[in-house]
A.B. asks: 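Pasting a structure here, questions to come.
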Amino acid sequence: MVSTRCWQDGSSAERDFPVEQVSDLVARDGAFVWIDFTDPQPSDLEQVQEELGIHVLAVEDAVESGQRPKLDRYRDSLFLVVYDAHGPGEDGAIVTHEVKAFVTKHALVTIHGADFDTAAVQRRWDANSDLADHGVPWLLWGLLDAVVDHATSVLETIERDIDALEDDLFETGDPREQQIQRRSFRLRKALGVLRRLVVPTRDSVGSLLHGDAETIIDGVRPYFRDVEDHLVSIADSVDQQRDAVSSVLDTNLNLASNRQNTVMKKVTSWAAIIAIPTGITSFFGQNVKFPGEGAWSGLWASIALTVASSLLLYRSFKHRDWL
């Protein structure tokens, strides 16, 4: 599926025209176009390759999924790969959509799967139509800004999940402990996805601003700097939140260890208290003559020793907070 739009002198001019007309449209003064492909085959890109002179290697990368985030430079065009992130869902997973783009002087060509919604990008263009006279850099900014805003929203959701996780951290009980571990690992996995697929876009935007400075018109340069600032903030937040999740996991393990030590102290204390009656009754049960053998005085003496020793140990362990 192919969607097309054309702008002339900063105003929207045509929509849904055939790809064959692209070369004629971009030949006009002040005209630039957007061509959007959904799940294209190599044959689908042959026409746009001929119309815009896109490098064959860029076309090969465009039809292969799983590209890393990057910005490749060719003689007359740029090839950009970014990832649009959404979520996390109930299972804690982040959904990412791979978006690839050819950037030429008079055209932006986007390539993506059916699950990527271009409506958010077009709404951004329409809401900032006063920048349309800046041409293709304005289109590229709208795409990047939408992707960055979605990543920021994902990060804010993860941050709220981490706050909730920290609030639940000091709840006791094994089921709660296992739940915290599962939630922590899901959050770490989500942050790993952002770090691997979204954070590298910072380098691409930085390259656009510096290494490919001639591509960016001065009028929209501050908007690209704003995108770069947001990406730097996202990168910092990802690292901080990964540290926070690691801290939650470490604290959870320490709490579990402390609870285990408390249980062991209680078990040991009660075992020591129970050992006293066992020792005393064993002493009075020996097969030798001793004072009180076969008399009530011996019974009462053993009972008194048992009670007194057990109470003494109980008070001692209680004072040390072992019970």
A.B. asks: Identify the two heavy atoms, one from Leu25 and one from Ala31, that lie closest to each other, and give their separation to 0.1 Å.
C.D. replies: O-CB, 3.3 Å
A.B. asks: What residues form a side-chain contact (heavy atoms from CB on, under 4.5 Å) with Asp161, not counting sequence neighbours?
C.D. replies: Pro88, Thr157, Leu187
A.B. asks: Flag yes if Leu191 and Leu249 sit in one hydrophobic cluster, no otherwise; membership is Ile, Leu, Val, Met, Phe, Trp, Tyr, and two members link when side-chain heavy atoms are under 4.5 Å apart.
C.D. replies: no
A.B. asks: In Å and rounded to the nearest 0.5 Å, what is the CG to CG distance from Leu208 to Asp203?
C.D. replies: 11.0 Å
A.B. asks: With sequence neighbours left out, what residues match Ser3 under side-chain contact (heavy atoms from CB on, under 4.5 Å)?
C.D. replies: Met1, Asp36
A.B. asks: Can you get from Val245 to Phe185 by hopping between Ile, Leu, Val, Met, Phe, Trp and Tyr side chains that sit under 4.5 Å apart?
C.D. replies: no
A.B. asks: Would a distance-only check, ignoring hydrogens and angles, find a side-chain to backbone donor-acceptor pair under 3.5 Å from Ser246 to Arg242?
C.D. replies: yes
A.B. asks: Donor-acceptor pair, Asp239 side chain versus Asp236 backbone, under 3.5 Å?
C.D. replies: no
A.B. asks: Which residues pass the side chain to side chain donor-acceptor pair (under 3.5 Å) test with Glu50, sequence neighbours left out?
C.D. replies: none
A.B. asks: For the side chain of Gln241 and the backbone of Arg188, is there at least one donor-acceptor N/O pair under 3.5 Å apart?
C.D. replies: no
A.B. asks: Do Val103 and Leu57 share a hydrophobic cluster (ILVMFWY, side-chain heavy atoms under 4.5 Å, transitive)?
C.D. replies: yes
A.B. asks: What distance do Thr110 atom OG1 and Leu139 atom CG have between them, rounded to the nearest 0.5 Å?
C.D. replies: 9.5 Å
A.B. asks: Inspect the surroundings of OH in Tyr223 and state if more than 12 heavy atoms from other residues, nucleotides or ligands are less than 6.0 Å away.
C.D. replies: no
A.B. asks: Between Ser184 and Leu165, what is the shortest heavy-atom contact and its length?
C.D. replies: OG-CD2, 3.2 Å
A.B. asks: Sequence neighbours excluded, which residues qualify as side-chain contact (heavy atoms from CB on, under 4.5 Å) partners of Val198?
C.D. replies: Ala85, Ala151, Leu194
A.B. asks: What class does the angle between the rings of Phe102 and Phe79 fall in, given that below 30° is parallel, 30 to 60° is tilted and above 60° is perpendicular?
C.D. replies: tilted
A.B. asks: Kindly assign one of parallel, tilted or perpendicular to the pair Trp7 and Phe32, based on the angle between their ring planes and the thresholds 30° and 60°.
C.D. replies: parallel
A.B. asks: Which residue pairs pass the salt bridge (Lys or Arg N to Asp or Glu O under 4.0 Å) test when at least one of the two sits in residues 121-148, sequence neighbours left out?
C.D. replies: Arg5-Asp126, Arg124-Asp145, Arg124-Asp149
A.B. asks: Looking at Asp229, is its backbone amide N or carbonyl O close enough to the side chain of Ser233 to form a donor-acceptor pair, meaning the two atoms are under 3.5 Å apart?
C.D. replies: no
A.B. asks: Show which side-chain atoms of residues 64-72 pair as donor or acceptor with protein atoms under 3.5 Å away, not counting sequence neighbours.
C.D. replies:
residue : atom : partner : partner atom : Å
Gln67   : OE1  : Lys70   : NZ           : 3.2
Lys70   : NZ   : Asp61   : OD2          : 3.2
Lys70   : NZ   : Asp72   : OD2          : 3.2

A.B. asks: Once rounded to the nearest 0.5 Å, what's the spacing between atom CH2 of Trp125 and atom CH2 of Trp141?
C.D. replies: 11.0 Å
A.B. asks: Nearest 0.5 Å, please: how far is CD in Glu228 from OG in Ser204?
C.D. replies: 11.0 Å
A.B. asks: Between Asp168 and Arg183, is a side-chain contact (heavy atoms from CB on, under 4.5 Å) present by the stated rule, with each step listed?
C.D. replies: CA-CA 11 Å; Asp168 293 342; Arg183 290 164 60 190; 3.0 Å; yes
A.B. asks: Pick from His150, His86, His112: which one makes a ring-ring contact (aromatic ring centres under 6.0 Å, His included) with His97?
C.D. replies: His86
A.B. asks: I'd like to know whether NE2 of His230 has more than 12 heavy-atom contacts from other residues, nucleotides or ligands below 6.0 angstrom.
C.D. replies: no
A.B. asks: I'd like to know if the side chain of Thr118 reaches the main chain of Val121, judged simply by a donor and an acceptor atom lying under 3.5 Å from each other, with no hydrogens or angles considered.
C.D. replies: no
A.B. asks: Please round to the nearest 0.5 Å and tell me the distance separating atom CG of Leu108 and atom OG of Ser77.
C.D. replies: 11.5 Å
A.B. asks: Should we say atom CZ of Arg195 is surrounded by more than 12 heavy atoms from elsewhere, each under 6.0 Å from it?
C.D. replies: no
